[in-house]
Amino acid sequence: MFRSIFPRLMTAILAAILICTLGLSMGFYVTTRNNYIDTRMNELKVQAYDIAYLASRVRSNNMLSGFGYSTATENYISWKANTIYDEFKAYSVVVDRTGQVSLFAAPDLMQEQDIPFDRQRIIDTLAVVLKGKEVVERQNSSNGPTFTVAVPWVDNGVVLGAVFIQTAAQTVYATFQGLALKTALTALFALLLACVSVFLITRQIVKPLRNMAVVAGELAEGHFDRRVPVTGSRETRELASAFNLMAVQLEALEQTRRDFIANVSHELRSPMTSIQGFLQGMLDGTIPAEEQKQYMEIVLDETRRLSKLVGNLLNLSRMENDTIQLALSDFDLHESIRRVIIANLPQLDNKQLDLQLSFNEEPLYVNADPEQIEQVLINLLSNAIKYTPEGGHISIDTAQEGDTIRVTVRDDGPGILPEDAPYIFDRFYKADKSHTVGKGTGLGLAICKRILEKHGQSIRLVPSATGAAFEFTLKSGHAPEPAHREA
Ligand code: ADP
């Protein structure tokens, strides 16, 4: 149930809000209640002092004898006791120093034995009050919890006894229950409001995530054009943008994969078709015996093309899967270039191409995998030969800049259009399809790029006024020790 983020977030936030609301409400309730009780007790204290004053007046006028209410002051005390009862539901008594009730002031309780006071508590509290102190205490009497206020009854500086006012704690709390209810209702309302806000906010947070989950599912099913809306908070927008970027890249990757399969099938099919056609022709006699040698050579060429294609594909896949380990060594780059040229002499001669080198006999040592670098040179030179028209010019320059060797292969062929330039190193990319049909597979430059990247170096298309120019870098190497050279 709590696996999903929505209920988790809701529960966590609501729990936090609930605890805070309860804590605050309790704190508010307790503080307000204590303040309320304090205020109530202070009010009772004032009433007690009033009665104490009136009791002194009765005594000093020498009019008090027993329990009579004959004088105006006595009537006033009686009236006051009633008022206190009406307002506070509290009973008031005046006791002398011995604890005997000397003035009984409570409504409807005309007999001393009727007073609801706990007599033992009166005796206990009296000792303190007779010292001139006032007492406010919550007691657990036989009639249940009560609040008692006791103040000294003083006449002419002499403590004659005490005035006790007592009320059941329940009556004080009862007045207070209304507030408790109001607090609870306010807390409940705040909680409900919080619930609604949390629900809406959480849903807003979770909605884009759910959207993403749905779109991710669609992507997984192959609908690579699906995107999520970039809305909501900054973090959600960032996540949605990153998600969409991932989707764009997936789409591009999928497109590359499709192109790759289409390209491979296409590149494999054309030589296979011609091989099949020629062999069939030879078998069924359509091709006369005297022409068979010529067709066998074409078949051989096609099989070479096929094996080159498969070889290139294997190379590329090994390079991309990191299964090729570079065999780094210091070797003479000029020597490698010469070897590659010699291997391509027939093609150069065929098209009567003029090849210029920026170096003669001197060696130039680089640190790299010689076999892989020869592959780069072969690819670049064969492209130059392939795309340069008959009688054209090709040049290979090498230059050293500190620790870096730069090699440039240049030709004065048709060159590469600016709109093709960004894709020229992509697998199977063939610029200017009309010129390149049947000439290559679009893998050569991609292989060059991977090889140089593996060396931590780079290759780029150099802007050139005529033809195409490719430049790649290598790390300079050391000449072998003389002993090695002789060996
Ligand atoms: P390909 O096997 O088709 O030559 P490459 O990866 O070597 O594959 O080259 C990719 C594309 O770049 C080629 O199809 C071609 O259009 C273009 N290209 C490469 N080298 C040259 C060049 N020297 N002159 C003109 N176009 C070139």
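Both ligands and their constituent atoms are indexed starting at 1 by order of listing. In what follows, every heavy atom counts, from backbone to side chain, and hydrogens, waters and symmetry copies are set aside.
- Atoms of ligand 1 found under 4.0 Å from any heavy atom of Gly444, numbered from 1 in the order shown, are 5 (P), 6 (O), 7 (O), 8 (O).
- Look at Glu251 and Arg227 and you find a salt bridge, because one of the NZ, NE, NH1 or NH2 atoms lies within 4.0 Å of a carboxylate O, short of that distance.
- Partners of Thr236 according to the side chain to side chain donor-acceptor pair (under 3.5 Å) rule, which considers only residues two or more places apart in sequence or in another chain, are Ser233.
- Every atom of ligand 1 with a heavy atom of Lys386 under 4.0 Å away is listed here by number and element: 1 (P), 2 (O), 4 (O).
- Near Ala468, the atoms of ligand 1 lying under 4.0 angstrom from a non-hydrogen atom of the residue are 22 (C), 23 (N), 24 (N).
- Asn379 does not count as a contact of ligand 1, since none of its heavy atoms falls under 4.0 Å from the ligand.
- Residue contacts with ligand 1 leave out Gly413, since none of its heavy atoms falls under 4.0 Å from the ligand.
- For a threshold of 3.5 Å applied to N or O pairs, the pair formed by Ile424 and ligand 1 contains no separation below that value.
- Ligand 1 places these atoms under 4.0 Å from at least one heavy atom of Tyr429: 10 (C), 11 (C), 14 (O).
- Separating the CG atom in Leu380 from the CD1 atom in Ile396 is a distance of 8.5 Å, to the nearest 0.5 Å.
- Residues Asn360 and Glu362 have side chains that never bring a donor and an acceptor to within less than 3.5 angstrom of each other.
- Not a single side chain to side chain donor-acceptor pair (under 3.5 Å) links Ser395 to another residue, sequence neighbours left out.
- Nearest residue to atom 23 (N) of ligand 1 from Ile416, Leu443, Asp411 is Asp411 (criterion: closest heavy atom).
- Distances from ligand 1 to the non-hydrogen atoms of Phe425 include no value under 4.0 Å.
- Atom CD of Gln292 sits in a crowded spot, with more than 12 heavy atoms from other residues, nucleotides or ligands closer than 6.0 Å.
- A donor-acceptor pair shorter than 3.5 Å cannot be found between the side chains of Thr148 and Glu137.
- Comparing Gly442, Pro414, Gly415, Ala446 by heavy-atom distance to atom 1 (P) of ligand 1, the nearest is Gly442.
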